[in-house]
Amino acid sequence: MSDTKVLRLVKKSEADQPERAAAPTPVPVVQRVKPRPPKSKPPIAVAKTRERPQLSREEMLKIYRTMYQSRKLDDKEIQMKGQNRIFFQISGAGHEAILVAAGMCLKPGYDWFYPYYRDRALCLQLGMTPLEQLLQSVGAEADPASHGRQMPSHWGHRKLNIVSQSSPTGTQLLQAVGCAEAGYRVKLIKELKKRVRNFRNDEVVYVSLGDGTSSEGEFWEALNTACNLRLPVLFLCEDNEYAISVPVEVQTAGGNVSKLIRGFPNLFIQRCDGTDAIESLAVMRRAVENCRNNRGPSFVHAKVIRPYSHSLSDDERLYRSTEERTADAAHDPVQRFGSLLIKEGVIDEDGLQKLKDEVDREINEAADLALASPQPAPETATKFVYSPDADPTSKDFDTEDSAQQLSGKPGTTVDLLNRCLHTEMRRDPRIIVFGEDIADCSREESLDKVKGKGGVFMVTANLQREFGSARVFNSPLAEANIVGRAIGMATRGLKPVVEIQFFDYIWPAMHQIRNELALLRWRSGNEFAAPLVMRVPVGGYLKGGAVYHSQSAVSIFTQIPGLRVVYPSNALDANGLLRTSIRCDDPVLFLEHKHLYRQAYNKSPYPPDDFMIPFGKAKTVREGADISIITYGALVQRSLVAAKQAEQQGISVEVIDLRTMSPYDWNAIAESVKKTSRVIVAHEDSLSWGYGAEIAARISSELFEQLDAPVRRVAALDTFVAYAPQLEDAILPQSADVLEAITEVHGY
């Protein structure tokens, strides 16, 4: 047989043709067949005129080798799990053909990859070795994906641009969009060309998902932005008709997600039999070409099978009939392609068996090496929770003494935050600012005719006018979209500073914040990271803020390792802490109390452009000898008022403003408590389970012998903030509440 022999008469699925294309593509006519009955496999049609991909004998054998290698790695892991030598297994069986095809069309280390747990064959095709995959199975330190921190099939490889994958389904989709958007922004921003590396004009971002994941809201958010910006994202939906035990007709209206998304503009949609390697290759080539030519995103809907249970924690016999599973077996991609090789004369049965035996030996040897590879040392458990390269608690981030050089008319917190954003964006063209309503005016033709929005609280006013719409822009009203895209951008080296319009609406982004943003560096063993800043207006005392504009559940975020939490109480601190947040190498939740935005008592002249306050450095805002108050945010001023009133009773109160909540300044707390021997922790969160509970517990544990009275907490009631002013005053802690606590603790 000739090395370039064209394969002919290979069976094709009825779903061969593109449903929507961004550019005309010649498509042959296929013989149409009757719709398949429920719960059966798709009928097969024969392509009459389509030109098949031309592949050499070596290419054909390599396709089979990778597919078989992927299957046998699954089998080996299943065997090792049965021997209790590994602890989890989830297979990519049945998905091999479409994944090898995808890997053949894309460029490792050039394109970017956001796979999901079935994508073993893709990673092999891109260059990951069986040993590297088995190192993850056994939890070895040498595992390139996570260095023993993640369970098997959570792919990652820095050299191949395979970005660390997590367990939650669908969170990778928005990050992939952000990764592609980083390339889009780099093309628009001239100053970035000398500041960032590894961006190519024709790069493609691959992201995959199962059919079940298409039910996630973030799937639709990702498609929306990718299509709106015409980003080169290749979405691959590997449809094996089951999300664990839930079949596709229960998951998806009409049972066909590619029909549901036909209304998205600029989206090149292709469907194929993903168990047919040749058809899959033809489809993937068209999809990749569409992205590489910057025509917009592509969506490939590949019908595949799942011959094994969802994972070894699942037993598909509990919900799938024998007949259904037998029908799947007839479409096994490894068996189909092996039979095709023999039928076309590429190899005979003896040669195919020799190839299999060679792969089997290779995998057995790799398994032995993986089992002998050391696991991570216990003392490494806390490595890479935060950046090892930049410590925002260090003197490198402390220029607070330069505050003596203040100049200009005193400005509010809003003014000094806005000034910081302007100066930092001039200094670093990598900074990208976006969120809901933060631009001056999205319709640029109207910019000269309007004052401009610049955020609900005007913190981002005039940023778009100075730095342009490529760096300052509005997002959809979708908080997960904001944070997920920002993670993808930060992974590529940009520095997003995003705004969540109100703390009360941060919860749709919680999945991205908790499971992705804060975890990315640690779970990848420092192979990937996403340093960015989330600015969030927070808190009550608004008179009319009510339930959904007054929340401040800060303790939920301070207990997330990997996330810095900052909470300034005045204009000057806000400026210095925001600058530190932007320049540090970790993700930061920067909380801006709405009540403090324009208060006259916390105004300040402008500090120099390099003014920074390090994290974990509290400030003694009032010296005292009898009682210490540990507080932050809006309670700082209320505590100062109470302290002055207590002074009239002969009680000397010291007030400590934490300024940053994670990390917090334990040394400052300890020194103050040792001096006064009495302490109050005051905060705006609810009393039960609030931030103050941790501070109070640590004081009681480590400073018990220094105390002359129990630690007292002042906080909000264990309820929600009401609209009526009288109710709001009763719910939130007031100066009178702090004064009452001072009197009681002093008299103990």
Side-chain angles (χ1 to χ4, degrees), residues 66 69-70 73-74 76-78 80-81 85-92 95-96 99 102-103 106 108-173 175-176 179 205-210 311-312 363 366-367 369-377 380-381 383-385 388 487-488 491-492 515-530 562:
T66 306
Q69 191 179 59
S70 179
L73 278 166
D74 278 330
K76 188 63 179 179
E77 285 184 346
I78 291 170
M80 295 167 74
K81 176 67 169 66
R85 302 173 90 178
I86 68 171
F87 317 106
F88 179 79
Q89 207 283 329
I90 188 166
S91 82
H95 294 228
E96 296 94 346
L99 291 170
L106 294 161
Y110 185 99
D111 296 320
W112 287 79
F113 303 90
Y114 287 79
Y116 90 118
Y117 47 77
R118 304 278 184 216
D119 284 15
R120 182 188 298 280
L122 169 79
C123 295
L124 289 169
Q125 181 63 37
L126 292 176
M128 190 178 289
T129 67
L131 174 58
E132 288 176 324
Q133 295 196 352
L134 290 169
L135 285 170
Q136 187 175 56
S137 306
V138 302
E141 196 284 330
D143 156 38
S146 73
H147 302 280
R149 296 182 169 191
Q150 291 222 78
M151 60 176 58
S153 299
H154 286 54
W155 315 113
H157 201 293
R158 183 68 193 179
K159 291 182 180 179
L160 301 175
N161 288 352
I162 303 173
V163 181
S164 171
Q165 178 210 327
S166 67
S167 292
T169 58
T171 49
Q172 74 275 16
L173 293 158
Q175 294 167 43
C179 178
V205 178
Y206 164 99
V207 63
S208 59
L209 64 148
S311 71
L312 289 192
I363 289 173
L369 290 172
L371 288 166
S373 186
Q375 292 195 351
T380 66
K383 287 185 66 176
F384 309 129
V385 174
I487 294 171
T491 302
R492 297 296 302 277
N515 285 324
E516 302 297 327
L517 176 62
L519 265 169
L520 180 59
R521 186 190 298 276
W522 187 88
R523 77 171 187 234
S524 68
N526 202 38
E527 299 292 340
F528 294 95

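The figures that follow rest on heavy atoms only: side chains count, while hydrogens, waters and symmetry mates do not.
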Is any side-chain heavy atom of [Y] closer than 4.5 Å to one of [X]?
| X | Y | answer |
| --- | --- | --- |
| Cys123 | Ile162 | yes |
| Phe528 | Arg158 | yes |
| Thr171 | Ile487 | no |
| Trp155 | Gln136 | yes |
| His147 | Glu527 | yes |
| Thr491 | Leu520 | yes |
| Tyr206 | Asp111 | no |
| Leu134 | Glu77 | yes |

Stepwise side chain to side chain contact (heavy atoms under 4.5 Å, CB included) check, Tyr114 with Val205: CA-CA 8 Å; Tyr114 287 79; Val205 178; 4.0 Å; yes

What closest approach, in Å, do [X] and [Y] show between heavy atoms, and which atom pair accounts for it?
| X | Y | value |
| --- | --- | --- |
| Ser373 | Ala142 | OG-CB, 4.1 Å |
| Val207 | Ala176 | CB-CB, 3.6 Å |
| Ser153 | Gln165 | O-OE1, 3.4 Å |
| Ala121 | Thr66 | O-CG2, 3.9 Å |

To the closest 0.5 Å, what do you measure between [atom1] ([X]) and [atom2] ([Y])?
| X | Y | atom1 | atom2 | result |
| --- | --- | --- | --- | --- |
| Leu124 | Asp119 | CG | CG | 11.0 Å |
| Leu122 | Phe113 | CG | CZ | 6.5 Å |
| Gln89 | Lys76 | CD | NZ | 13.0 Å |
| Ser524 | His157 | OG | NE2 | 13.0 Å |
| Ser164 | Glu516 | OG | CD | 8.0 Å |
| His154 | Ile90 | NE2 | CD1 | 7.5 Å |

Any sub-3.5 Å donor-acceptor pair from [X]'s side-chain atoms to [Y]'s backbone N or O?
| X | Y | answer |
| --- | --- | --- |
| Arg85 | Leu371 | no |
| Arg118 | Ser91 | yes |
| Thr129 | Glu132 | yes |
| Arg523 | Gln150 | no |
| Ser208 | Tyr116 | yes |
| Asp74 | Gly92 | yes |
| Ser137 | Gln133 | yes |

Indicate whether any N or O donor in one side chain lies under 3.5 Å from an N or O acceptor in the other, for Ser70 and Glu96.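 Glu96 and Ser70 do not have a side-chain donor-acceptor pair below 3.5 Å.
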
Take Val138 and Met80 through the side chain to side chain contact (heavy atoms under 4.5 Å, CB included) test and state the conclusion after the steps. CA-CA 9 Å; Val138 302; Met80 295 167 74; 3.9 Å; yes

Derivation of the side chain to side chain contact (heavy atoms under 4.5 Å, CB included) call for Met128 and Leu160: CA-CA 8 Å; Met128 190 178 289; Leu160 301 175; 4.3 Å; yes

